[in-house]
Engineer: 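One structure coming up, written as structure tokens, with questions to follow.
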There are 2 protein chains.
Amino acid sequence: MTPIDKLIVHFRKSITLTDDEAEIVGGCFNIVELKKKEILLFVGDHSSHMRFISEGCLRSYYMDREAKEHIIQFGIEDWWINDLYSYLTNTPSKQFVQAIEESIVLQIHKEKLNELYNTVPAIERFFRLKFEKAYVSLQERTINSMSKTAEEGYIEFRSKYRNIEQRVPQYMVASYLGITPEFLSKLRKNTTQ
Amino acid sequence: MTPIDKLIVHFRKSITLTDDEAEIVGGCFNIVELKKKEILLFVGDHSSHMRFISEGCLRSYYMDREAKEHIIQFGIEDWWINDLYSYLTNTPSKQFVQAIEESIVLQIHKEKLNELYNTVPAIERFFRLKFEKAYVSLQERTINSMSKTAEEGYIEFRSKYRNIEQRVPQYMVASYLGITPEFLSKLRKNTTQ
DNA sequence: GAAAAATCTTAATCTAGGTTAAGAACGATT
DNA sequence: AATCGTTCTTAACCTAGATTAAGATTTTTC
């Protein structure tokens with residue numbers, strides 16, 4: 001199955017596309033191949049694409065004033081990854097998007113996507129639903145970080161993203177949880193076994 | 001200007017509606033009047049409406065296991081307020097939505113809104129844009145709470161929501177910022193003057 | 001307008017998680 | 001298989017913000 005085929009299958013999980021529409025849609029995306037550690041989006045760039053992960057594993061993260069990295073999101077096959085904030089507000093990105101493993105990403109330019117909203121209305125529905133889901137999972141994260149202890153957050157992360165936990169280094173999990181690697185290590189001593 | 005007129009003006013700030021469409025849209029919303037402290041949405045309810053604040057000030061919040069309140073969002077005239085999570089996932093609400101002042105809210109049932117998406121497509125666009133913005137501001141909050149100290153968060157809150165800060169009690173600001181009222185009080189001694 | 005309720009402040013003490021530093025374990029590369 | 005990178009762990013000490021408790025101030029209610 002080609003990366004484009006995967007994308008169409010992905011779309012068809014939540015919307016209906018005729019074969020003609022699928023062809024149009026598929027033709028709007030470009031393929032990007034990334035080596036491990038390669039950066040797809042730099043801080044300061046305008047994030048003007050929506051990006052679908054066809055293969056591999058990536059992360060988006062920003063650096064605070066003390067140059068510490070904070071991971072916003074991990075993404076694996078069949079997920080979307082981006083600095084949505086930059087994309088939606090047309091401002092320079094404050095995040096990096098980087099491949100953690102060798103990866104294949106499909107991306108569509110914002111202008112092209114806005115045209116697609118008109119030519120293939122189901123795509124507008126897809127992205128409305130997508131932004132709804134993005135909102136939901138971001139809210140879950142926000143509430144967690146407001147009311148859960150680091151240990152509770154870690155336990156939840158493990159049960160929710162066991163597949164990701166096994167693919168990324170521990171210090172990235174710590175960064176995602178908003179704690180130091182040292183403290184995560186301490187937690188694991190109590191939690192594991 | 002009636003509450004419905006305000007709503008139409010609000011829609012027309014980001015999308016185009018013919019007068020006929022405006023009439024259809026306006027007819028889909030119900031008016032709810034709330035007294036101070038009255039609760040519009042209870043934990044456990046299904047949040048099956050989108051809610052537009054025509055007048056007043058409300059908050060959405062949840063209670064953690066220790067019965068402490070955490071404010072997710074404030075809302076004033078011309079904003080939308082809801083437990084979006086419950087609305088979007090069709091799960092029982094984990095949040096309360098409560099009037100902080102006497103308020104007027106316009107709400108539309110989810111089923112009716114889904115019909116509207118078909119009869120007045122501009123409305124689907126409006127809500128796609130709305131969810132994008134909701135995502136953006138939630139992400140701003142999440143990043144803030146991950147990387148800013150309480151003091152920095154407070155300073156940002158003041159400059160961004162000065163109008164809200166003046167309408168709600170301080171302990172609610174503390175709850176929104178994720179700190180105790182006592183600590184906010186301490187911060188204010190350093191910050192204010 | 002007095003009493004009750006709600007909100008805000010101060011101060012002493014406590015704790016979850018951070019910082020620093022050092023070494024151990026694991027992987028890549030030669 | 002030795003070297004250099006990267007990742008993980010341990011332990012001593014530190015700090016932002018929580019907790020507890022009490023009183024002060026403001027707002028609401030009768």
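As a basis for the values below, the full set of heavy atoms in this structure was taken, side chains included, without hydrogen atoms, waters or symmetry mates. Order of the sequence lines fixes the chain letters, A, B, ..., with proteins taken first and strands second; residue numbering starts at 1 for each chain. The model shown is predicted, which means the values in this text are computed figures rather than measured ones.
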Engineer: Tell me: CE of B:Met172 to C1' of C:dC8, nearest whole Å?
Structural biologist: 14 Å

Engineer: Check the orientation of A:Phe157 and A:Tyr176. Use parallel for under 30°, tilted for 30 to 60°, and perpendicular for over 60°.
Structural biologist: tilted

Engineer: If we ignore angles and hydrogens, is there a donor and acceptor under 3.5 Å between the side chains of A:Asp83 and A:Ser93?
Structural biologist: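 Yes, a side-chain donor-acceptor pair sits under 3.5 Å.
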
Engineer: Please report the distance, rounded to the nearest Å, between OH in A:Tyr154 and P in D:dC8.
Structural biologist: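 Interatomic distance, OH of A:Tyr154 to P of D:dC8: 10 Å.
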
Engineer: To the side chain of A:Tyr171, which of D:dC8, D:dT28, D:dT20 is closest?
Structural biologist: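 The listed nucleotide nearest to A:Tyr171's side chain is D:dC8.
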
Engineer: Which listed nucleotide (C:dT19, D:dT10, C:dA11) is nearest to the side chain of B:Lys189?
Structural biologist: C:dA11

Engineer: Mapping B:Thr180 and A:Ser185 onto DNA chain D by nearest heavy atom, which one lands closer to the 5' end?
Structural biologist: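 Nearest nucleotide further toward 5': that of A:Ser185.
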
Engineer: With a non-hydrogen cut-off below 4.0 angstrom, is A:Lys36 in contact with a base, only sugar-phosphate, or nothing?
Structural biologist: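 No contact.
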
Engineer: Mind grabbing the angle between the end helix axes of the helix from C:dG1-D:dC30 to C:dA25-D:dT6? Five pairs an end, 10° rounding.
Structural biologist: 50°

Engineer: Taking the nucleotide of DNA chain C with the closest heavy atom to each, which residue, B:Leu184 or B:Lys37, is nearer the 5' end?
Structural biologist: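 Mapping each residue to its closest nucleotide by heavy atoms, the 5'-most match is B:Lys37.
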
Engineer: Salt bridge between B:Arg12 and B:Asp19, side-chain N to carboxylate O under 4.0 Å?
Structural biologist: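 Yes, charged N to carboxylate O under 4.0 Å.
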
Engineer: Going by distance alone, is a donor N or O of one side chain under 3.5 Å from an acceptor N or O of the other, for B:Glu165 and B:Tyr154?
Structural biologist: yes

Engineer: Can A:Glu124 and B:Tyr117 be counted as having a side-chain donor-acceptor contact under 3.5 angstrom?
Structural biologist: no

Engineer: So which nucleotide from C:dT19, D:dA18, D:dT9 ends up closest to the side chain of B:Lys186?
Structural biologist: D:dA18

Engineer: Taking the chi torsion of D:dG5, is it syn (within 90° of 0) or anti (everything else)?
Structural biologist: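 Syn for D:dG5; the angle stays within 90° of 0.
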
Engineer: Check the phosphate of D:dT9 against A:Gln170, side-chain N and O only, distance under 4.0 Å to OP1 or OP2. Yes or no?
Structural biologist: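 Looking at the OP1 and OP2 atoms of D:dT9, one of them is under 4.0 Å from a side-chain N or O of A:Gln170.
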
Engineer: To the nearest Å, how far apart are A:Glu101 CD and D:dT6 C1'?
Structural biologist: 17 Å

Engineer: Which nucleotide, D:dT6, C:dG17, C:dT10, lies nearest any side-chain atom of B:Glu182?
Structural biologist: C:dT10

Engineer: Which one, C:dC8, C:dG18, D:dT9, comes nearest to the side chain of A:Ile179?
Structural biologist: C:dG18

Engineer: Within this structure, what is the CG-to-C1' distance between B:Leu177 and D:dA18, rounded to whole angstrom?
Structural biologist: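 Distance, rounded to whole Å: 15 Å.
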
Engineer: Do A:Lys110 and B:Glu132 meet the salt-bridge criterion of a basic N to acidic O distance under 4.0 Å?
Structural biologist: no

Engineer: Hey, does B:Phe183 reach any base, or is it just sugar-phosphate, or nothing, if we go heavy atoms under 4.0 Å?
Structural biologist: base

Engineer: Look at the side-chain N and O atoms of A:Lys148 and state whether any lies under 4.0 Å from the OP1 or OP2 oxygen of C:dA16.
Structural biologist: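 So the side-chain polar atoms of A:Lys148 never come under 4.0 Å of the phosphate oxygens OP1 or OP2 of C:dA16.
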
Engineer: Nearest whole angstrom, please: distance from the P of C:dT7 to the CD1 of B:Ile100.
Structural biologist: 10 Å

Engineer: Might you point out which heavy atoms bring B:Arg162 and B:Ser159 nearest each other, and give the distance in Å?
Structural biologist: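 Heavy-atom minimum between the residues: NH2-CA, 3.7 Å.
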
